[in-house]
Amino acid sequence: MSAHAFLIPGSDAALPIRPARGADDLTGVTATWARAADFTGKPGQLLIVPGPDGAPVEARFGTGAEVEPMSGRALAARLPAGDWRLEGWAAPEAQGLALGFALGTYVFDRYRRREAPRARLVAPDGLDLAETLRIADACARVRRMVDTPAADMGPAEIEAEVRAVAGAQGATVAVTTGDDLLDGGYPAVHAVGRAAAPHRAPRLIELGWNLEATDRPLLALVGKGVAFDTGGLDLKPAAGMRNMKKDMGGAAHALALAGLVMQADLPVRLVLLIAAVENSVSADAFRPGDVLATRKGLTVEIGNTDAEGRLILADALTRAGEHGPELTMDFATLTGAARMALGPELPPVYCDDETLVADLLAAARRVSDPLWRMPLWPGYRSSVEAEIADLRNDSAAWAQAGSVTAALFLQRFAPTTGAWAHLDVFAWNPRGRPGWPEGGEAQGLRAAWEMLRRRFAA
């Protein structure tokens, strides 16, 4: 269900949610009730204060010295059913909590319907309700696509998602599928996806919007859409394969961001490129030791068939460069090494344009959507060079920094007409808690949108 149902314009029956910045912030009956409930106002603590009849009359929400906007996600899951309003908060605090609340309303219920009544929040004064709901729905699109099992979110279904977004915004869609990828100049996409069943054939999906407005800068968004990753002939172990339905998370991020750009009518031309494949095992699967062609003309020796994401992105990034973009961003669930370096909650961003990366990191801080800059360290470039081909898809063992070397591989294919940033997202929340259910997660999406909104605002 959309956040529209839970973040509402108004309600006469709404009960107040007041801040508690510590135990000294409480008086009277509320203080007595807080002592009984061991409520001290620590960040994230929630106190429901009952009236004489036992029904709630107010809530107190612990904040500490500084309000973390995303703590509002927990309110959506923990407040009793009914209508609530934020009272006693500074306007920026209330607006940030409201967005957090909207994000916290997400529930994946495609296969298990949940009809229990839930809390609703009145939009605080000054909140751009339409924009907040657009952002919440974009994040929900990412999470829903990632949460959907691969049987119901294959390459064809990813294409359908793109067509739905395009249709709503008057964008065009062109798709190159199956063996047509060879004639169309996408040999790496074809190689990675050719082992899949015919109805799950690989495809390169290209959305275009506002392309006739040649006086506007061109923005290219690129997403890795591996609907399921077995690892190929270098088969993943069972534990590593369990959540590989999420390996199209980069495509979901790029599509959701494209939707925000179009909904806001940002003054840009937009190209979205998604390489959608299933990395399967069959007699026609590509092999370790094979040398693959790419759209750019560079050859790649395959050291590991489980390093497939960078191969399909190579063709997609090359195609993006043919449009001459001013700015290119790619999103991909690319490496386990990124998680080893930064864990599941902090996505790395790779960018050699100082202005772009500064803007992106500043946006991440403003909207509480964390990113961490990682280096495109030139000393490791030789680790992705091969003996019998131009490049190798598994970096030499001596380099060790697997996320860095994957980004360096992509850099060889990135457009050179403008700035480029690569986000290696996890797209998954492995730790379930109120407002943050285990499963698909949007990471860096709100930061990227905040940066684009400010950079290209009319």
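We're numbering straight along the sequence, starting at 1. Just so it is clear, the model here is predicted, and its values are computed rather than measured.
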Item to check | Salt-bridge criterion met for Arg200 and Glu278 (N-O under 4.0 Å) | outcome: yes
Checklist entry - So, for Ala3 and Asp137, which heavy atoms are closest and what is the spacing to 0.1 Å? => result N-OD1, 3.8 Å
Checklist entry - Any chance the side chains of Trp436 and Glu345 put a donor and an acceptor closer than 3.5 Å? => result no
Checklist entry - To the nearest 0.5 Å, what is the distance between CG (Leu221) and CG (Leu270)? => result 5.5 Å
Checklist entry - Does Asp109 come within less than 4.0 Å of Arg113, counting only side-chain N to carboxylate O? => result yes
Checklist entry - Would you say Val277 and Arg203 make side-chain contact, with heavy atoms under 4.5 Å? => result no
Item to check | Beyond-backbone contact of Pro325 with Leu327, side-chain heavy atoms, under 4.5 angstrom | outcome: no
Next on the checklist: Please determine whether a side-chain nitrogen of the Lys or Arg among Glu450 and Arg446 lies less than 4.0 Å from a carboxylate oxygen of the Asp or Glu.
Outcome noted: no
Item to check | Contact check, side chains of Asp152 and Tyr111, non-hydrogen atoms, under 4.5 Å | outcome: yes
Item to check | Residue pair Arg412 / Leu298, side-chain heavy-atom distance below 4.5 Å | outcome: yes
Checklist entry - Taking the side chain from Gln443 and the backbone from Ala427, do they hold a donor-acceptor pair closer than 3.5 Å? => result yes
Next on the checklist: Could you work out, with ring-ring contact (aromatic ring centres under 6.0 Å, His included) as the rule, every residue matching His422, not counting sequence neighbours?
Outcome noted: Tyr350
Next on the checklist: Please tell me whether Trp449 and Asp369 have a donor and an acceptor in their side chains that are separated by less than 3.5 angstrom.
Outcome noted: no
Checklist entry - Between Ala307 and Asn393, what is the shortest heavy-atom contact and its length? => result O-ND2, 3.0 Å
Item to check | Check against salt bridge (charged side-chain N to carboxylate O under 4.0 Å, His left out), Glu354 and Arg373 | outcome: CA-CA 11 Å; Glu354 296 301 324; Arg373 188 183 189 182; 3.0 Å; yes
Next on the checklist: So does Asp229 get a backbone contact from the side chain of Asp247, meaning a donor-acceptor N/O pair under 3.5 Å?
Outcome noted: no
Next on the checklist: I'd like to know if the side chain of Glu157 reaches the main chain of Gly154, judged simply by a donor and an acceptor atom lying under 3.5 Å from each other, with no hydrogens or angles considered.
Outcome noted: yes
Checklist entry - When you look at Lys296 and Glu322, which way does the salt bridge (charged side-chain N to carboxylate O under 4.0 Å, His left out) test go after all the steps? => result CA-CA 10 Å; Lys296 190 169 184 176; Glu322 294 165 8; over 6 Å; no
Checklist entry - Do Ser395 and Thr405 get their side chains close enough for a donor-acceptor pair, meaning under 3.5 Å? => result yes
Checklist outcome for this item: Between the CD1 atom in Ile135 and the CD atom in Gln263, the distance rounded to the nearest 0.5 Å is 10.0 Å
Checklist outcome for this item: Output for pair (Gln411 CD, Thr416 OG1), nearest 0.5 Å, gives 11.0 Å
Item to check | Candidate pair Thr172 and Leu207, rule side-chain contact (heavy atoms from CB on, under 4.5 Å), full reasoning | outcome: CA-CA 6 Å; Thr172 62; Leu207 176 151; over 6 Å; no
Checklist entry - Mind checking what makes ring-ring contact (aromatic ring centres under 6.0 Å, His included) contact with Phe331, not counting sequence neighbours? => result His253
Checklist entry - Just by modelled atom types, is the Thr305 backbone N or O under 3.5 Å from a matching donor or acceptor in the Asn279 side chain? => result yes
Item to check | Test item: Asp315 side-chain N/O and Gly185 main-chain N/O as donor-acceptor pair under 3.5 Å | outcome: no
Checklist entry - Taking all non-hydrogen atoms of both residues, which atom of Ala98 and which atom of Leu7 are closest, and how far apart? => result O-CD2, 4.1 Å
Checklist entry - Is Arg118 close enough and on-axis enough to Phe6, meaning under 6.0 Å and within 45°, for cation-pi? => result yes
Item to check | Approximate separation, where rounding is to 0.5 Å, of Arg310 CZ and Leu410 CG | outcome: 7.5 Å
Checklist entry - Between the main-chain N or O of Leu317 and the side-chain N or O of Trp420, is there a donor-acceptor pair closer than 3.5 Å? => result no
Checklist entry - Quick one: does Leu371's side chain get under 4.5 Å of Pro348's, heavy atoms only? => result no
Checklist entry - Should the pair Asp290-Arg287 be classified as a salt bridge under the 4.0 Å nitrogen-to-oxygen rule? => result yes
Checklist entry - Taking C-beta and beyond as the side chain, do Pro347 and Leu423 meet within less than 4.5 Å on heavy atoms? => result no
Next on the checklist: Apply side-chain contact (heavy atoms from CB on, under 4.5 Å) to residues Val162 and Val175 and explain how you reach the verdict.
Outcome noted: CA-CA 10 Å; Val162 176; Val175 181; over 6 Å; no
Checklist entry - Does the side chain of Pro217 come within less than 4.5 Å of Phe456's, by heavy atoms? => result yes
Checklist entry - Any luck finding a side-chain donor-acceptor pair between Gln45 and Thr40 under 3.5 Å? => result yes
Item to check | Contact check, side chains of Lys246 and Thr333, non-hydrogen atoms, under 4.5 Å | outcome: yes
Checklist entry - Would you call Glu308 and Lys224 a salt bridge, using N to O less than 4.0 angstrom? => result yes
Checklist entry - Any chance the side chains of Thr335 and Asp424 put a donor and an acceptor closer than 3.5 Å? => result yes
Next on the checklist: Assess whether a salt bridge exists between Arg144 and Glu161, defined as any Lys/Arg side-chain N lying under 4.0 Å from an Asp/Glu carboxylate O.
Outcome noted: yes
Next on the checklist: To check you understand the geometry: which heavy-atom pair defines the closest contact between Ala59 and Leu46, and what is its length?
Outcome noted: CB-CD1, 4.2 Å
Item to check | Gap separating the OG atom of Ser403 from the CE atom of Met374, nearest 0.5 angstrom | outcome: 5.0 Å
Next on the checklist: Looking at Arg454 and Asp359, is any side-chain nitrogen of the basic one under 4.0 Å from a carboxylate oxygen of the acidic one?
Outcome noted: no
Checklist entry - Do you know which two heavy atoms are closest between Ala316 and Leu273, and how far apart they sit? => result O-CD1, 3.5 Å
Checklist entry - Which atom pair, heavy atoms only, marks the closest approach of Ala447 to Leu360? => result O-CD1, 4.0 Å
Checklist entry - Is it true that Glu441 and Arg73 have a side-chain N and a carboxylate O under 4.0 angstrom from each other? => result yes
Checklist outcome for this item: When rounded to the nearest 0.5 Å, the distance separating CG of Leu445 from CZ of Arg143 is 11.0 Å
Next on the checklist: We want to know whether His190 and Asp180 form a side-chain donor-acceptor pair, criterion being a heavy-atom distance below 3.5 angstrom.
Outcome noted: no
Next on the checklist: Using modelled atom types and a 3.5 Å cut-off, is there a donor and acceptor pairing between side-chain atoms of Arg194 and backbone atoms of Asp284?
Outcome noted: yes
Next on the checklist: I'd like to know if Arg392 pairs up with Glu385 as an ion pair, taking the criterion as any Lys NZ or Arg NE/NH1/NH2 lying under 4.0 Å from an Asp or Glu carboxylate oxygen.
Outcome noted: no
Next on the checklist: Checking Val142 against Tyr106 for the side-chain contact (heavy atoms from CB on, under 4.5 Å) test, could you report, in this order, the C-alpha distance in whole Å, the side-chain angles of both residues, the deciding distance, and whether it holds?
Outcome noted: CA-CA 11 Å; Val142 172; Tyr106 170 81; over 6 Å; no
Checklist entry - Does a donor on one side chain and an acceptor on the other come within less than 3.5 Å for Thr299 and Asp390? => result yes
Item to check | Side-chain donor or acceptor of Arg319 paired with backbone N/O of Glu206 under 3.5 Å | outcome: no
